[in-house]
2 protein chains.
Amino acid sequence: MRCIAGVLPMISSSSSGRSVRDPEATKQQILDAAEAEFSRRGLQGGRIEAIARTAGITTAMIHYYFENKEGLYRSVLCRPAQEACEAIAPLQLEKLPPKVALEKFIRTVIAYEAAHPQRCMLWFQEANQNQGEYFKLLTGHWADAIGPLIDILERGMAEGSFRALDPWLTTVHILGACIFYFNIHENWKHLMPEVDRLSPAVVEQHAQESVRLILAGILNHKF
Amino acid sequence: MRCIAGVLPMISSSSSGRSVRDPEATKQQILDAAEAEFSRRGLQGGRIEAIARTAGITTAMIHYYFENKEGLYRSVLCRPAQEACEAIAPLQLEKLPPKVALEKFIRTVIAYEAAHPQRCMLWFQEANQNQGEYFKLLTGHWADAIGPLIDILERGMAEGSFRALDPWLTTVHILGACIFYFNIHENWKHLMPEVDRLSPAVVEQHAQESVRLILAGILNHKF
DNA sequence: GTCTATAATACGATAGAC
DNA sequence: GTCTATCGTATTATAGAC
């Protein structure tokens with residue numbers, strides 16, 4: 001008998017009177033809590049005790065499943081990298097015209113960020129605290145996630161629908177335009193308290209304006 | 001007799017044989033070290049001991065000058081907010097044609113980021129760790145720094161040289177395209193180890209491509 | 001103004017009961 | 001598999017000498 005994820009993990013006590021849990025569910029709960037904590041505070045700043053409290057278990061369990069703080073961190077980083085690949089790959093962007101593929105990529109990135117608004121901070125924490133030492137182990141996944149965008153830009157230039165541009169720099173500019181919005185959200189809500197920048201309607205506005213800006217900035221107007 | 005900032009702060013011992021220092025210089029050294037530390041690790045993750053070591057003084061001095069960790073953090077946040085204003089205001093962007101002013105703004109932002117590559121992390125740390133609780137105290141400064149860009153976009157639309165766009169969203173998109181480059185640097189160096197993304201030549205490439213993308217994305221092509 | 005020494009606490013990790 | 005209790009260390013902060 002397994003717990004359903006999302007409900008309280010306690011199972012009624014066994015005949016011995018001791019409460020028991022589903023190990024796989026516990027592991028996932030720890031990972032979820034750790035992702036939030038490490039996103040907020042990074043590897044050094046993250047508190048094992050805080051993760052345990054959020055996950056509803058004790059610090060001893062974390063050491064039982066992940067050996068130590070660093071092992072847990074490594075496991076936390078792995079999941080989003082895989083999910084990013086899994087979000088991009090099934091789109092089969094290589095089979096679409098560059099312009100269509102680009103818009104689809106942009107909307108997928110923004111939807112991913114909207115679904116995990118603070119997950120990107122994981123990578124900024126990693127970059128700034130550890131100079132990407134743990135990120136380094138995942139370069140393969142990220143190359144897979146970003147490669148399709150490079151490919152789109154090169155195909156667009158080749159067929160003449162995109163103007164001449166540097167694919168790598170343009171990739172960074174596109175991602176920046178899409179993602180920065182979510183990074184600054186918690187600060188900017190104090191600049192413009194009346195707008196809920198994470199509401200679906202406002203995120204959709206962000207997506208539309210992003211697509212418009214990037215397409216206008218990249219399309220070859222002589223074409 | 002004062003120390004010159006940047007050289008070793010020790011002054012030859014006085015007649016009593018006790019080494020002395022310039023209090024103002026000490027304070028600045030603490031602020032510099034603290035900015036680096038808090039940028040890397042945020043308020044909670046930052047270590048007073050690490051700041052003291054970098055500044056070349058003891059932890060006792062930090063408490064002497066800034067009362068406690070939180071007081072030091074508050075002082076650290078204040079300086080970049082002021083400097084951002086001081087970088088933008090003298091450009092007198094309101095007196096330039098929108099297109100010229102926009103390019104100047106973009107290049108100023110990128111130059112500022114290149115000069116302080118990890119300073120932007122201060123704000124991300126603040127956003128994610130503290131939900132902008134300390135940022136809130138500085139909204140005035142940031143409104144002053146960003147206001148000119150909003151103004152440029154609105155003037156451009158009014159005179160018809162810019163297409164119809166949302167000034168606030170476009171501001172975020174522009175900043176994202178300019179700044180994201182520096183945020184991901186430490187991770188992406190592992191994706192493309194052969195390129196030194198902080199070298200002046202590559203930063204200039206980034207600036208050129210940014211200007212090109214943003215201007216092309218914003219200009220009214222019917223104009 | 002700056003240091004050394006230390007008190008007080010917070011945190012990561014482990015042992016051992018159940 | 002999960003908990004309670006605890007050890008050892010790292011960290012913030014302070015007291016007091018110079």
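Only this structure's heavy atoms are used, side chains among them; waters, hydrogens and symmetry mates stay out. Naming: A, B, ... by sequence-line order, numbering from 1 per chain. Quick caveat, the model's predicted, so the values are computed rather than measured.
Rounded to a whole Å, the CD1 atom of Ile62(A) is 16 Å from the P atom of dG1(D). Atom CD1 of Ile48(A) and atom P of dG12(C) are 5 Å apart (whole Å). Rounded to an integer number of Å, the gap from NZ of Lys69(B) to P of dA10(C) is 12 Å. As a whole-Å value, the separation of Ile30(A) CD1 from dC3(D) P is 10 Å. Counting to the nearest Å, the C1' atom of dT9(D) and the CD atom of Glu49(B) are 14 Å from each other. We find that CZ of Arg53(B) is positioned 12 Å from P of dA10(D), with the value rounded to whole Å. If you measure from atom CG of Leu43(B) to atom P of dT11(D), you get 15 Å, rounded to the nearest angstrom. Taking atom CZ of residue Arg47(A) and atom C1' of nucleotide dT9(D), one finds them 14 Å apart after rounding to whole Å.
Between Phe124(B) and Phe124(A), the distance from one ring center to the other falls under 6.0 angstrom. Trp188(A) and Trp123(B) have their aromatic ring centers separated by at least 6.0 angstrom. Aromatic rings from His116(B) and Phe182(B) are positioned such that their centres are separated by 6.0 Å or more.
Between dT14(C) and His63(A), no contact under 4.0 Å exists linking OP1 or OP2 to a side-chain N or O. Phosphate contact (OP1/OP2 of dG1(C), side-chain N/O of Thr26(B), threshold under 4.0 Å): absent. Within the 4.0 Å cut-off from OP1 or OP2 of dT2(D), not a single side-chain nitrogen or oxygen of Thr58(A) is found.
The aromatic rings of His206(B) and Tyr181(B) lie parallel to each other, with less than 30° between the two planes, well short of the 60° mark.
Salt-bridge formation is not detected for the pair Lys27(B)/Asp22(B): no Lys NZ or Arg NE/NH1/NH2 atom is positioned less than 4.0 Å from an Asp or Glu carboxylate oxygen.
No engagement by Gly45(B) is indicated, since no non-hydrogen atom pair under 4.0 Å with the nucleic acid exists. When heavy atoms are screened at a 4.0 angstrom cut-off, Tyr65(B) is found touching the sugar-phosphate backbone but no base atom.
Closest approach to the Met61(A) side chain among dT2(C), dC3(D), dA13(C) is made by dC3(D) (side chain taken as heavy atoms from C-beta onward).
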